[in-house]
Amino acid sequence: MQPNDSLQNAIEICYDLFARYPRPLALHASPLRNPAQILRTLTSAPLRELTGKQIGPYAGYAITTVGDVEDYKHFLPRILEQAIRQPEWMGTDPPIIAVRLKMANWLDWPSSERAAIRTLFVEAWTQSVQEHPDDVDAEVWTCGAAILNLDVPTMLEKWLAEPSLNAAMQLAEFLAAHAASMFEDDINERAYWSYVDETTLHLVRRWLLSDPVLRLLLTARSKIAATDQWLIGEALKRLVSLGRSSVQ
């Protein structure tokens with residue numbers, strides 16, 4: 001996703017705020033990792049120029065088996081930017097970043113840092129909802145926001161407040177590709193949604209099955225490109241499988 005001006009500004013604020021954390025001179029790691037090799041890769045280019053291939057593996061190992069919170073804070077702006085521009089690695093997936101932040105007790109961080117992270121997640125989500133699902137998946141930013149206990153109710157209201165065709169397509173993608181797992185009774189079968197608290201999870205479930213969501217899908221069905229209509233159809237089928245008695 002190519003960030004718009006608001007999202008780019010959120011990225012820049014993160015770089016500015018977290019610049020106070022120096023590049024690590026060494027990394028602690030489990031015996032399963034090679035910290036010296038990981039650090040050589042991470043220091044082979046300036047922070048802003050690290051590619052997904054260079055920072056992605058570390059982002060997946062961070063805090064769990066490689067490095068500590070201070071190390072993660074140094075690399076966090078680039079990890080967040082990669083999550084926006086090229087989320088090709090597990091560690092740059094927004095829900096995984098959210099889980100790492102919770103492990104790092106991010107709510108105890110300085111208020112300016114917390115605010116910058118919240119703003120970036122909301123701005124990334126806001127832009128993703130207006131992009132075609134072939135280009136970006138808004139569900140991962142929704143899930144990440146839910147894991148971090150951001151203002152998910154307001155975000156869901158915004159999704160429907162001024163709906164575009166892309167917003168409808170993103171909603172269809174959410175239902176068709178992700179909803180089945182998040183409705184599983186077994187928490188281990190919920191994928192990233194297993195990290196979301198039950199109250200927020202039930203809120204999102206009710207929203208997906210709500211009449212306004214159905215109306216948006218039905219309205220979009222007659223307006224979107226013929227090549228995209230199959231996705232609306234799959235979303236409507238999913239609603240039936242999840243318990244809606246009618247989608248007409």
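Values below: all heavy atoms of this structure, side chains included; hydrogens, waters and symmetry mates excluded.
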Begin from the C-alpha positions of Asp197 and Thr200 and carry the test side-chain contact (heavy atoms from CB on, under 4.5 Å) through to its verdict.
CA-CA 6 Å; Asp197 69 81; Thr200 302; 3.0 Å; yes
Could you walk me through whether Phe18 and Trp109 pass side-chain contact (heavy atoms from CB on, under 4.5 Å), step by step?
CA-CA 11 Å; Phe18 289 96; Trp109 295 4; 3.9 Å; yes
For Leu209, run the side chain to side chain contact (heavy atoms under 4.5 Å, CB included) check against Val204, Leu175, Leu242, Leu214 and tell me which one passes.
Leu242
Count I, L, V, M, F, W, Y as connected when their side-chain heavy atoms are under 4.5 Å apart, and connections chain through other members. Are Val140 and Trp89 then in the same cluster?
no
In this structure, would Trp159 and Val152 fall into the same cluster of hydrophobic residues linked by side-chain contacts under 4.5 Å?
yes
Sidechain N-carboxylate O distance under 4.0 Å for Glu70, Arg20:
no
State whether the side chain of Gln127 and the backbone N or O of Asn4 hold a donor-acceptor pair below 3.5 Å, judged by distance alone.
yes
Output the distance between atom CD1 (Ile79) and atom CD1 (Ile97), rounded to the nearest 0.5 Å.
6.5 Å
Looking only at side chains, do Asp228 and His132 share a donor and an acceptor under 3.5 Å apart?
yes
Are there over 12 heavy-atom neighbours, none belonging to Tyr195, within less than 6.0 Å of that residue's OH?
no
When you compare the side chains of Arg190 and Ser181, does any donor N or O come within less than 3.5 Å of an acceptor on the partner?
no
Quick test of your reading of the model: are Glu12 and Arg48 salt-bridged, counting only N-O distances below 4.0 Å?
yes
What are the two closest heavy atoms between Ala59 and Arg100, and how far apart are they?
O-NE, 3.9 Å
How long is the span from the CD1 atom in Ile96 to the SG atom in Cys143, to the nearest 0.5 Å?
9.0 Å
Answer yes if Leu203 and Ile187 sit in the same cluster of Ile, Leu, Val, Met, Phe, Trp and Tyr residues linked by side chain heavy atoms under 4.5 Å apart, and no otherwise.
no
Just verifying a value: how many Å separate Met1 CE and Ile84 CD1, rounded to the nearest 0.5 Å?
5.5 Å
Flag, side chain of Gln2 to backbone of Arg85, donor-acceptor distance under 3.5 Å
no
Between Ser6 and Asn9, a side-chain donor and acceptor under 3.5 Å
no
Donor-acceptor contact below 3.5 Å, side chain Trp207 vs main chain Pro153
no
Can you list the residues that meet the salt bridge (Lys or Arg N to Asp or Glu O under 4.0 Å) rule with Glu234, with sequence neighbours excluded?
Lys237
Between Phe121 and Trp141, what is the ring plane arrangement, given parallel below 30°, perpendicular above 60°, and tilted in between?
perpendicular
CG on Leu171 to CG on Leu160, rounded to 0.5 Å:
7.0 Å
Taking Lys73 first and then Glu113, would you say they form a salt bridge - that is, a charged N and a carboxylate O separated by under 4.0 Å?
yes
Hey, could you give me the NZ/OG1 distance between Lys158 and Thr126, rounded to the nearest 0.5 Å?
3.5 Å
State whether a side-chain donor-acceptor pair under 3.5 Å links Tyr192 with Asp93.
yes
Please tell me whether Leu107 and Leu76 are part of a single hydrophobic cluster in this structure, the criterion being side-chain heavy atoms less than 4.5 Å apart.
yes
Under a 3.5 Å cutoff, is there a donor and acceptor pairing between the side chains of Ser164 and Gln130?
yes
Cationic tip of Arg205 above Phe183 ring, under 6.0 Å, 45° of axis
yes
If you count the non-hydrogen atoms of other residues, nucleotides and ligands that lie under 6.0 Å from NE2 in His202, is the total more than 12?
yes
Should we count CG of Asp5 as having more than 12 external heavy atoms under 6.0 Å?
no
Could you check His178, Glu139, Glu184 and say which one makes a side-chain hydrogen bond (donor to acceptor under 3.5 Å, both in side chains) with Trp193?
Glu139
Check the pair Asp137, Phe174 against side-chain contact (heavy atoms from CB on, under 4.5 Å), reporting the backbone distance first and the verdict last.
CA-CA 8 Å; Asp137 187 353; Phe174 193 159; over 6 Å; no
From Ile63 CD1 over to Lys102 NZ, what is the distance, rounded to the nearest 0.5 angstrom?
13.5 Å
